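From a predicted model like this one, the values you see are computed outputs, not experimental measurements. Sequence lines set the chain letters: A, B, ... in the order given, protein chains first and strands last, and positions in each chain run from 1.
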There are 2 protein chains.
Amino acid sequence: MYSYDSTTFRSELNQLGLRMTPQRETILEVFRELPKGKHLSAEDLYHHLQEVAPERKISLSTIYRSLKLMTHLGLLRELELAEGHKHYELNQPHPHHHHHLVCVRCNRTIEFKSDSVLKVSMKTSGREGFHLLDCQLTIHGVCVEALKRGWPSVPQEWSCPHAPVDE
Amino acid sequence: MYSYDSTTFRSELNQLGLRMTPQRETILEVFRELPKGKHLSAEDLYHHLQEVAPERKISLSTIYRSLKLMTHLGLLRELELAEGHKHYELNQPHPHHHHHLVCVRCNRTIEFKSDSVLKVSMKTSGREGFHLLDCQLTIHGVCVEALKRGWPSVPQEWSCPHAPVDE
DNA sequence: CGCTAATTGAGAACAATTAGCGATATTCGT
DNA sequence: ACGAATATCGCTAATTGTTCTCAATTAGCG
Ligand SMILES: [Mn+2]
Ligand SMILES: [Mn+2]
Ligand SMILES: [Zn+2]
Ligand SMILES: [Zn+2]
């Protein structure tokens with residue numbers, strides 16, 4: 001389980017002159033309870049709340065604002081996988097930190113860990129004088145099933161951003 | 001220099017029932033002549049052509065269509081750095097293949113190479129039965145200059161998507 | 001409690017990207 | 001080299017994801 005609790009969050013906010021709100025608390029909670037390997041977009045989070053806790057519904061504007069805030073504070077990680085919009089997940093430190101392998105045809109995503117990527121990232125950011133916030137190795141590939149259907153393929157067969165994963 | 005020439009491009013297109021056009025040839029040429037470390041967005045490419053070769057102007061729609069096509073064929077790489085829209089560059093194989101270190105505060109981008117990342121990517125995609133297309137390690141950090149100005153900072157000081165790099 | 005400034009929700013506004021369409025140009029077989 | 005078939009073009013309008021505006025609300029703090 002991840003240790004970033006609501007109290008820590010609150011004090012980080014206050015230190016910057018920002019405030020803890022029920023909405024921010026709710027969002028942190030949702031991400032902390034999210035099953036391993038699940039990622040949420042702003043829209044996903046919005047609908048998730050309406051379904052599982054309608055009394056805690058949060059407006060889309062606030063969701064976008066909070067996701068951006070929490071990403072800046074390092075609580076969340078912004079993922080740009082192959083679907084045309086951002087997804088978020090908890091930004092977990094080593095040894096929970098991981099990367100993604102994505103099929104560009106069906107968007108299937110597989111998580112994996114790598115110490116050597118972490119090492120490269122620390123070395124590189126250090127050499128350039130950067131304070132390291134996050135590093136993401138994203139591998140783009142074509143899964144076996146998609147390969148069987150031919151690759152490369154004609155435009156009509158490219159997965160559209162919101163196509164259901166159909167395999 | 002990169003070896004992917006217009007003839008190879010043409011035959012790959014024809015093999016898929018697609019056609020070579022002056023527009024596609026132009027775009028490939030622009031990317032081949034792009035200085036190392038430069039990345040272009042759709043809009044960048046559009047304006048670049050208007051400036052350096054107005055007689056070869058290409059409509060924005062066609063630019064978007066071509067960038068998508070060429071990315072799917074593996075000619076180009078789509079980069080999601082910290083600026084709110086996609087950028088593209090030639091998808092060069094080893095040993096020109098590289099990764100990016102980005103300052104989340106000012107968007108400064110530094111390229112670097114890493115054999116071990118490549119190795120991890122090949123191993124991982126192989127293990128999962130994926131055909132490897134591209135792998136990108138993106139390191140998010142805060143550069144020295146930005147650190148001096150305080151981090152984390154309050155929302156008003158976050159770089160907005162189109163803010164000029166001001167340092 | 002009471003002040004002040006941060007935050008919220010609702011909707012309008014925005015920027016990047018895509019879709020539809022009729023006109024044009026490339027391919028390929030003759 | 002010619003012509004039919006059809007992919008592609010440029011245009012405009014539509015869509016999508018995200019941000020902004022602003023009045024009402026609320027957290028933090030003495
Ligand atoms: Mn993940
Ligand atoms: Mn690059
Ligand atoms: Zn797949
Ligand atoms: Zn910077």
Could you give the CG-to-P distance, from A/L60 to D/dT21, as a whole number of Å? 18 Å

Counting distance alone, no hydrogens or angles: does the base of D/dG17 have a donor or acceptor under 3.5 Å from a partner atom on the side chain of A/S41? no

Within a radius of less than 6.0 Å around NZ of B/K113, do more than 12 heavy atoms belonging to other residues, nucleotides or ligands occur? yes

Classify the ring geometry between A/F9 and A/Y4 as parallel (under 30°), tilted (30 to 60°) or perpendicular (over 60°). perpendicular

Provide, to the nearest angstrom, the distance between the CG atom belonging to A/D44 and the C1' atom belonging to D/dG17. 13 Å

OP1 or OP2 of D/dT19 versus the side-chain N and O atoms of A/K68: is any pair under 4.0 Å? yes

Looking at A/E128 and B/R108, does any basic side-chain N land under 4.0 Å from a carboxylate oxygen? no

Is there a side-chain contact between A/Y64 and the phosphate of D/dT18, meaning an N or O under 4.0 Å from OP1 or OP2? yes

May I ask you to check whether B/H100 and B/H98 place their ring centres under 6.0 Å from each other? yes

Just the rounded figure in Å: distance from C1' of D/dT18 to NZ of B/K86. 14 Å

Using whole Å, report how far CZ of B/F9 lies from C1' of C/dT26. 14 Å

Restricting to ring-ring contact (aromatic ring centres under 6.0 Å, His included), what partner residues turn up for B/F112, sequence neighbours left out? B/H99

D/dG17 P sits how many Å from A/Y88 OH, rounded? 13 Å

Length of the CD1-P vector between A/I63 and D/dG17, whole Å: 14 Å

Scanning both residues in full, the closest heavy-atom pair of B/N91 with B/G74 reads ND2-O, 3.1 Å

Is a salt bridge present between B/K36 and B/E111, judged by a nitrogen-to-oxygen distance below 4.0 Å? no

If you compare all heavy atoms of B/S121 against all heavy atoms of A/L137, which two are closest, and at what distance to 0.1 Å? OG-CD2, 3.7 Å

Separation of B/K57 atom NZ from D/dC11 atom C1', in whole Å? 10 Å

Once pairs are restricted to Watson-Crick or G-U wobble with both distances under 3.5 Å, how does DNA chain D read as a dot-bracket string, [ ] for crossings and | for other-strand pairs? ||||||||||||||||||||||||||||||

For B/E43 and C/dT18, what is the distance between atoms CD and P respectively, to the nearest whole Å? 13 Å

Which letters describe nucleotides 2-8 of chain C, given B = protein heavy atom under 4.0 Å from base, S = only from sugar-phosphate, - = neither? --BBBSB

Would you name the heavy atoms of B/I63 and B/A42 that are closest together and state the gap between them? CG2-O, 3.8 Å

